[in-house]
Protein chains: 2
Amino acid sequence: MKFDRMNSAGYLVNNMARLLVEVLRKRIAPLGIVPGQFPALLALWEKDGLTQKELLAMLDVEQATLANTLTRMERDGLIIRKEHPADARARTIHLTEEGHSIRDAAYQTATRINEEVLDDLSDEETQAFLGYMRRVIGKIKEVES
Amino acid sequence: MKFDRMNSAGYLVNNMARLLVEVLRKRIAPLGIVPGQFPALLALWEKDGLTQKELLAMLDVEQATLANTLTRMERDGLIIRKEHPADARARTIHLTEEGHSIRDAAYQTATRINEEVLDDLSDEETQAFLGYMRRVIGKIKEVES
DNA sequence: TATCATTGCATAGCAAACTATGTAATAATA
DNA sequence: TATTATTACATAGTTTGCTATGCAATGATA
């Protein structure tokens, strides 16, 4: 019984993800952000002043992961948290000027990386690849439940 | 400027990897192992008594990551490290009976997960998908250098 | 209204990845 | 041979993911 990594979807997916996140890490380091902050920033660039719960609904991470990420973002001067006007349990999350200012550069960096790593695939292949990933993601979400 | 996650290779890859590793974590928990130990176990099941350096050459992680993983595996009773007969800096890594005994179940679990998550893809689509991943991995390794 | 359940968020603890650096031991060389 | 370089591995520190749990505030209900 052999287990060939190059024919294991799980192995390839994991390997690809780790390589990609390290490329992103290097490229966005000059902006003063790290990969884990990216999804939260994307959401906040679209809509500012959300509560953690509202932000969480836009992302695919667990609540505790987001809470910790937000704490680091606040430490790094990307956001501030203000008390919620109507609910003392909640806080609203606001981009700082710093957090706002890196938006375009961050978008461009992420878009550029996607283009570069897919450069060897034709447009049809790229669409097929993205489609497969969406289907597999859907399947995993079925399977795990 | 919008950033659509479902059309971002980076986002999809990361999401898919996290979902997959959690499925693997749940399924192999009864065996007393965790996902990060899997690659090292696969290599040791093929060839036992390697040095860390030799094992490292068979894997795709950094040396420090492997050293820590091996420490946890030793703690968990999966391996023991013995002093190298000829080089006092090195240690040879040996599966325990426990580490050896879970081999078939672990293989089957991993194979099963791969089959399940790819179940919605035809054989041709699966081969295309694996091929795209191999090509993208190759491209990332070019890009990052 | 007093109690109980739920909600929003934070914290603790672990895994697993990374880079950077430390520490011996071994090998190479001046 | 004494010094220097290299090698093998370990450790420190950070990020980012997870689950489990705690705590205070809010909402529901007896």
Side-chain angles (χ1 to χ4, degrees), chain A residues 13-29 32-41 50-57 59-76 78-79 81-93 144, chain B residues 10-11 13-29 32-41 50-57 59-76 78-79 81-93 144:
Chain A
V13 166
N14 184 266
N15 194 204
M16 186 168 52
R18 279 165 37 221
L19 289 168
L20 257 180
V21 85
E22 291 309 319
V23 170
L24 182 62
R25 189 184 305 281
K26 273 165 203 153
R27 301 272 187 101
I28 61 178
I33 59 175
V34 286
Q37 298 169 348
F38 219 99
L41 285 169
L50 299 168
T51 64
Q52 185 186 114
K53 184 192 168 139
E54 290 165 340
L55 184 54
L56 185 65
L59 307 181
D60 292 306
V61 293
E62 295 303 316
Q63 178 268 323
T65 300
L66 178 56
N68 282 324
T69 297
L70 291 173
T71 298
R72 286 190 292 267
M73 290 172 76
E74 193 161 30
R75 178 203 63 190
D76 296 348
L78 297 166
I79 58 164
R81 292 190 269 202
K82 298 182 185 169
E83 56 183 37
H84 192 282
D87 187 340
R89 292 169 303 181
R91 296 202 271 168
T92 55
I93 299 157
E144 70 176 341
Chain B
Y11 184 83
V13 166
N14 184 266
N15 194 202
M16 188 168 50
R18 279 164 37 221
L19 289 168
L20 257 181
V21 84
E22 292 309 319
V23 171
L24 182 62
R25 188 184 306 281
K26 272 165 203 151
R27 300 272 188 102
I28 61 179
I33 60 175
V34 286
Q37 299 169 348
F38 219 98
L41 285 170
L50 299 168
T51 65
Q52 186 186 112
K53 184 192 168 140
E54 290 166 337
L55 184 54
L56 185 65
L59 307 181
D60 293 306
V61 295
E62 295 302 317
Q63 177 268 324
T65 301
L66 178 56
N68 282 323
T69 297
L70 291 173
T71 298
R72 285 189 293 267
M73 289 172 76
E74 194 161 28
R75 178 203 63 192
D76 295 348
L78 298 167
I79 58 165
R81 291 190 270 202
K82 298 182 184 167
E83 56 183 36
H84 192 281
D87 187 338
R89 293 169 302 180
R91 295 201 272 168
T92 55
I93 300 158
E144 71 177 340

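Just so it is clear: chains get the letters A, B, ... in the order the sequence lines come, proteins before strands, and each one is counted from 1.
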**Student:** From the list C:dA17, C:dC9, C:dA16, which nucleotide is the closest neighbour of the side chain of A:K53?
**Tutor:**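 Within the option list, the nearest is C:dC9.
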**Student:** Using atom CD of A:E22 as one end and atom C1' of C:dA16 as the other, report the distance to the nearest whole Å.
**Tutor:** 12 Å
**Student:** Suppose we screen for salt bridge (Lys or Arg N to Asp or Glu O under 4.0 Å). Which residues come up paired with A:R91, at least two apart in sequence or across chains?
**Tutor:** none
**Student:** Find which nucleotide of DNA chain C each of A:K26 and A:T51 is nearest to by heavy atoms, and output the residue with the more 5' nucleotide.
**Tutor:**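 So the residue in question is A:T51.
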**Student:** Describe the nucleic acid contact of A:R72 in one word from base, sugar-phosphate, nothing, applying a heavy-atom distance below 4.0 Å.
**Tutor:** base
**Student:** Return the value, rounded to whole Å, for the distance between atom CG of B:L41 and atom P of C:dA16.
**Tutor:**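 Whole-Å distance recorded here is 11 Å.
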**Student:** Rounded to whole angstroms, how far apart are CG on B:L59 and C1' on C:dC18?
**Tutor:**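 After rounding, the reported distance stands at 16 Å.
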**Student:** Would you kindly give the CD-to-P distance between B:E62 and C:dT21, to the nearest whole Å?
**Tutor:** 15 Å
**Student:** Can you check the B:Q37 CD to C:dA15 C1' distance for me, whole Å?
**Tutor:** 9 Å
**Student:** Looking only at the side chains, is there a donor atom on one of B:T71 and B:R81 sitting less than 3.5 Å from an acceptor on the other?
**Tutor:** yes
**Student:** Going 5' to 3' on DNA chain D, which nucleotide is the first and which the last to come under 4.0 Å of a heavy atom in chain A?
**Tutor:**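 Both ends considered, the range comes out as D:dT15 to D:dT26.
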**Student:** Return whichever of A:R91 or B:N68 has its heavy-atom-nearest nucleotide of DNA chain C closer to the 5' end.
**Tutor:**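 The answer here is A:R91.
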**Student:** Write down the protein N/O and nucleotide N/O pairs, taken from nucleotides 24-29 of chain C, whose separation is under 3.5 Å; answer none if there are no such pairs.
**Tutor:**
unit_1	atom_1	unit_2	atom_2	d
C:dT26	OP1	B:A88	N	3.0

